[in-house]
Amino acid sequence: MKNYTRSNEPTPATCPACGLLCDDLILNATAPISIKNGCAKSIAFFEQSFQTSIAESPSLFGKPCDLNTAISAAADILRKSKQPLFAGLGTEVQGMRALMRLAEKSNATLDHMHSESTVRNTLTMQNGGWLTTTLAEVKNRADVILAIGTDIVSSHPRFFEKVVWNTDSLFNKSTPAIIYLAVPAENTKAGITPNGTASTMIPAEAANIPEIVNALNALLINKKIQAEVVGGVAISALLAVVEKLKAAQYAVVVWSAGSLKFTHAELTIQSIVQLINKLNETSRAAGFPLNSGDGDTSINNTSTWLSGYPTRSRFVNGKPEYYTYHFSTQKQLKLCDALLWVSTFNPHVPPNTDTPTIVIGHPNTQLEHKSDVFIPVGIPGVDHTGLMFRVDSSITLPLKKLRDSHLPTLSDVINSIEALV
Ligand code: SF4
């Protein structure tokens, strides 16, 4: 039985496929899917969401069962567990609220699938604070954008179109100059201005970013560097970057913690923040950390306002605790006695484990190892409404329901489990 129906009319949609949450999409869901204002990433997201091979029913060890049976089985696992791990957590605000209530009741540890990246930013913020900005400020004020180790558009495809080249800004400002540091040249076409001005390229290996950012800091405070090249980049090129940042009226430094794949990347983010702080002594500058997706910004904000901590937190007898190192999925998989894996935007599968596993997620999830319990739920922004924080955490945007589906929402399922735990 086909378990959903959708309108054949073009429908306005908000796209949850990246942190920009573009709300100007017009979706035509009849095959082949077309989306006005959509980027390739949004088309891939909606195509995947509208696939017809979606799961029809929940299952126990791969055998189909009804929803109530699956919910009871999930509640049984959590009732017997002393130390459950809630991981993945790919959901929006309402789903996370429900998960937090269940976590409190079952003394669970919470960790998002992209925490490894998020934690690098959190550690920096906790260490000494930071000065970051919003998409609106980038649009209205930025005149120099320095992208470090990220082309921006791979993760946030319409960033330049919607924010940087958008002339509909509050103030009469010049077109921003774009500087790419340690970004492969083939990925930087988006940084060419609409009138054809090329961006400034500082080619470097990503592994050398820590050294290069430290050198930028040294040059900014007029330290003499006894070398002609740092991290493979000529000092003269770095000096030119420093001069551009100093001359800017509003410089914005963009990074993606997920792209800084080296040990102790939080120290490099601290170094970026130090650069921004120093620039603010004489002009205006701000940071713009990109998120990794799957609702990471939404679930960390929800967790923080409900418990005081972002994820990598745990409830013990109703009291929240927080430990970025010990409460990681990787560490907790060795200690937990039950795993609840949630991934509603994408069919991400849980990590391999012998622990009893409940998977609640995207209807097209293809489980290699049949989990104890699998419950397909609706996709937020497709099967049901929802609420998500934008990448800059400055606003939440409502997600729309685009089709009638028999699939329950994550919140419905979690609330039902909670009632039995
Ligand atoms: S830029 Fe992001 S939010 Fe906007 S349409 Fe593309 S994937 Fe969706």
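Along the sequence shown, the residues carry numbers beginning at 1. Indexing begins at 1, ligand by ligand and atom by atom, following the structure's order.
Taking every heavy atom of Ala17 and a limit of under 4.0 angstrom, the matching atoms of ligand 1 come to 7 (S). Residue Leu21 approaches ligand 1 through these ligand atoms, each under 4.0 Å from one of its heavy atoms: 3 (S). Residue Leu20 approaches ligand 1 through these ligand atoms, each under 4.0 Å from one of its heavy atoms: 1 (S).
If you check which protein heavy atom lies closest to atom 7 (S) of ligand 1, you get Cys39 SG, 3.5 Å. Looking from atom 5 (S) of ligand 1 to the surrounding protein, the closest heavy atom is Ser42 CB, 3.6 Å. Protein heavy atom nearest atom 1 (S) of ligand 1, with residue, atom name and distance: Arg158 N, 3.4 Å.
Put simply, the side chain of Glu368 does not reach to within 4.5 Å of the side chain of Val349, judged on heavy atoms.
Between Lys331 and Asp111, no side-chain nitrogen of the basic residue sits less than 4.0 Å from a carboxylate oxygen of the acidic one, so the salt-bridge criterion is not met.
With distances taken over non-hydrogen atoms, the option nearest atom 4 (Fe) of ligand 1 out of Cys22, Gly381, Ala13 is Cys22.
Asp143 and Ser174 share no side-chain donor-acceptor pair at under 3.5 Å. One side chain, Glu266 or His264, offers a donor N or O that lies under 3.5 Å from an acceptor on the other. Between Gln48 and Asn364, the side chains place no donor N or O within less than 3.5 Å of an acceptor N or O (distance only, hydrogens not considered).
Metal site remark for atom 8 (Fe) of ligand 1: Cys15 contributes an N, O or S atom at a distance under 2.8 Å. Among the atoms of Cys18, no N, O or S atom falls under 2.8 Å of atom 6 (Fe) of ligand 1.
Listed for the Asn217 side chain is a donor-acceptor partner under 3.5 Å among the backbone atoms of Ser271. Checking side-chain atoms of Asn280 against main-chain N and O of Ile276 turns up a donor-acceptor pair under 3.5 Å.
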